[in-house]
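For ligands, and for the atoms within them, numbers begin at 1 and follow the listed sequence. Model, not experiment: these values are computed from the prediction.
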Amino acid sequence: MLRIFPNAAEMNAFAAEKFIEIGNKAIKENGRFSVALAGGSTPKSLYRLLTSEKYVNRIEWKKVFFFFGDERNVLPEDEESNFKMAKENLLAPLNVSEQNVFRWQTEMQNAEQTSKNYAETLRAFFDLKENEFPRFNLILLGMGEDAHTASLFPFTEALDEKEKIAVSNCVEKLNANRLTLTFPAINNAENIIFLISGASKAEALKNVLEGARELKKFPSQAVDPVNGELFFLADNQAAQLLRV
Ligand code: 6PG
């Protein structure tokens, strides 16, 4: 489902309501809410909104368990860290217990080992058997100007991963090894919400939603939940080239 909003504030208000709705439903049905957070800068304002008076008391945060769809292979206190961004804008203001936060252990500075450990963490939390994938109640995703999502960048190896839950992905253009959930793990979620804001994303969003199906060139096209809901939330700026 595509929803277009006049501005990022209204997009975030809708996303916050969906977060609370999905979370309370999960807590009611399973006693807990598992959410994989998006990195980058777009989600910052949503995270801050969730800690505001309007939302902070609308869910039992101690029953919310936080994961990360991807991470940069930097220390958790590094400015580039997605964990650091979420901690500053969401987890610390909510005083979330460490037991409720599952970050990629990048202090190992060994992307391969960190991704293996993260997969084990997910297997344990979701009590997975061999070859099973975690089923997050919600995965939040951003989208880059090159139509990447999480750290699944165009023409990178991780796009073809069909068995692993989490991998290290060599991104040549960044000259970096990124850490990311794979498409099978992402697509097993109950709910996936893309948050896309700003004119710089307009070309990519048009390609992803209205362009030819080219999954290696436009990786966000490969986000397609096997049994779940997919929401593309965009502000007018990001949606300005769409035919809709
Ligand atoms: C990351 C993110 C990445 C991000 C997009 C959009 O680690 O950077 O997971 O996929 O969502 O690059 O980033 P912005 O929101 O900063 O534009």
Side-chain angles (χ1 to χ4, degrees), residues 5 7-9 11-12 15 19 35-49 66-91 102-104 106 111 114-115 118 136 138-156 158-159 161 166-183 185-187 189 192-209 215-223 230-240:
F5 300 86
N7 50 58
M11 178 182 78
N12 287 331
F19 183 103
V35 53
L37 299 175
S41 54
T42 303
K44 269 184 201 166
S45 40
L46 169 62
Y47 298 163
R48 281 201 295 271
L49 182 62
F66 297 91
F67 300 81
F68 295 83
D70 75 318
E71 188 53 281
R72 293 80 181 276
N73 192 27
V74 295
L75 298 179
E77 58 275 8
D78 188 295
E79 275 314 304
E80 283 297 297
S81 163
N82 288 336
F83 164 74
K84 182 177 194 291
M85 184 275 278
K87 184 176 172 188
E88 285 172 354
N89 292 284
L90 182 67
L91 306 174
F102 299 86
R103 63 176 179 79
W104 299 72
T106 53
T114 297
S115 63
Y118 206 60
F136 288 97
L138 173 61
I139 296 183
L140 295 173
L141 292 174
M143 188 186 72
E145 294 174 24
D146 60 359
H148 83 262
T149 189
S151 282
L152 297 158
F153 284 80
F155 308 107
T156 57
L159 299 185
E161 181 56 52
V167 294
S168 154
N169 191 28
C170 171
V171 185
E172 270 176 42
K173 74 175 181 183
L174 300 177
N175 188 27
N177 273 325
R178 284 285 193 96
L179 299 156
T180 188
L181 295 183
T182 58
F183 280 124
I186 290 169
N187 285 332
I192 302 172
I193 296 178
F194 271 99
L195 292 164
I196 305 171
S197 169
S200 70
K201 306 294 177 70
E203 186 68 28
L205 188 57
K206 179 170 183 58
N207 288 328
V208 167
L209 295 183
L215 303 186
K216 295 211 183 304
K217 193 172 174 187
F218 308 129
S220 292
Q221 287 183 337
V223 175
L230 173 60
F231 300 86
F232 275 90
L233 307 184
D235 64 12
N236 272 342
Q237 288 291 311
Q240 62 183 286

Look at [atom] and say which protein heavy atom is nearest, naming residue and atom and giving the distance to 0.1 Å.
| atom | value |
| --- | --- |
| atom 1 (C) of ligand 1 | Arg72 NH2, 3.4 Å |
| atom 9 (O) of ligand 1 | Asp70 OD1, 2.6 Å |
| atom 11 (O) of ligand 1 | Gly142 CA, 3.2 Å |
| atom 13 (O) of ligand 1 | Gly40 CA, 4.0 Å |
| atom 15 (O) of ligand 1 | Thr42 OG1, 2.6 Å |
| atom 6 (C) of ligand 1 | Met143 O, 3.5 Å |
| atom 17 (O) of ligand 1 | Lys201 NZ, 2.6 Å |
| atom 12 (O) of ligand 1 | His148 NE2, 2.8 Å |

### Query
Does a salt bridge link Asp70 with Arg178, judged by any charged N lying under 4.0 Å from a carboxylate O?
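Judged by the 4.0 Å cut-off on N to carboxylate O distance, Asp70 and Arg178 do form a salt bridge.
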### Query
Does the pair Lys217/Asp146 count as a salt bridge with the N-to-O cut at 4.0 Å?
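Salt bridge: no.
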### Message
Taking 4.0 angstrom as the limit and counting only heavy atoms of Ser41, give me the atoms of ligand 1 inside it, by number and element.
### Response
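Result: 14 (P), 15 (O), 16 (O).
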### Those atoms of ligand 1 less than 4.0 Å from some heavy atom in Asn82
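In order of number, 1 (C), 7 (O).
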### Task
Tell me, please: is Arg178 in heavy-atom contact with ligand 1, that is, under 4.0 Å?
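For ligand 1, residue contact (heavy atoms, under 4.0 Å) with Arg178 is present.
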### Query
Does ligand 1 have an atom under 4.0 Å from some heavy atom of Ala150?
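Per 4.0 Å heavy-atom rule, Ala150 contacts ligand 1.
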### Query
How about Phe102 and Phe66: are their ring centres within less than 6.0 Å of each other?
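No: the rings miss the under 6.0 Å criterion.
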### Task
Assess the side chains of Thr106 and Asn73: does a donor N or O sit below 3.5 Å from an acceptor N or O?
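Checked: Thr106/Asn73 side chains show no N/O donor-acceptor pair below 3.5 Å.
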### Task
Give a yes-or-no answer on whether the side chains of Asn169 and Thr180 include a donor-acceptor pair shorter than 3.5 Å.
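Not at all, the side chains of Asn169 and Thr180 share no donor-acceptor pair under 3.5 Å.
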### Query
Any donor-acceptor pair under 3.5 Å linking the side chain of Glu161 with the backbone of Ala158?
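No: the side chain of Glu161 does not pair with the backbone of Ala158.
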### Message
Using every non-hydrogen atom in the two residues, find where Ser220 and Phe194 come nearest and quote the distance to one decimal.
### Response
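Closest approach of Ser220 to Phe194, heavy atoms only: OG-CE2, 3.8 Å.
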#### Entry: Nearest atoms (heavy-atom pairs only) where Lys201 meets Gly144
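Nearest heavy atoms, Lys201 then Gly144: CD-C, 4.0 Å.
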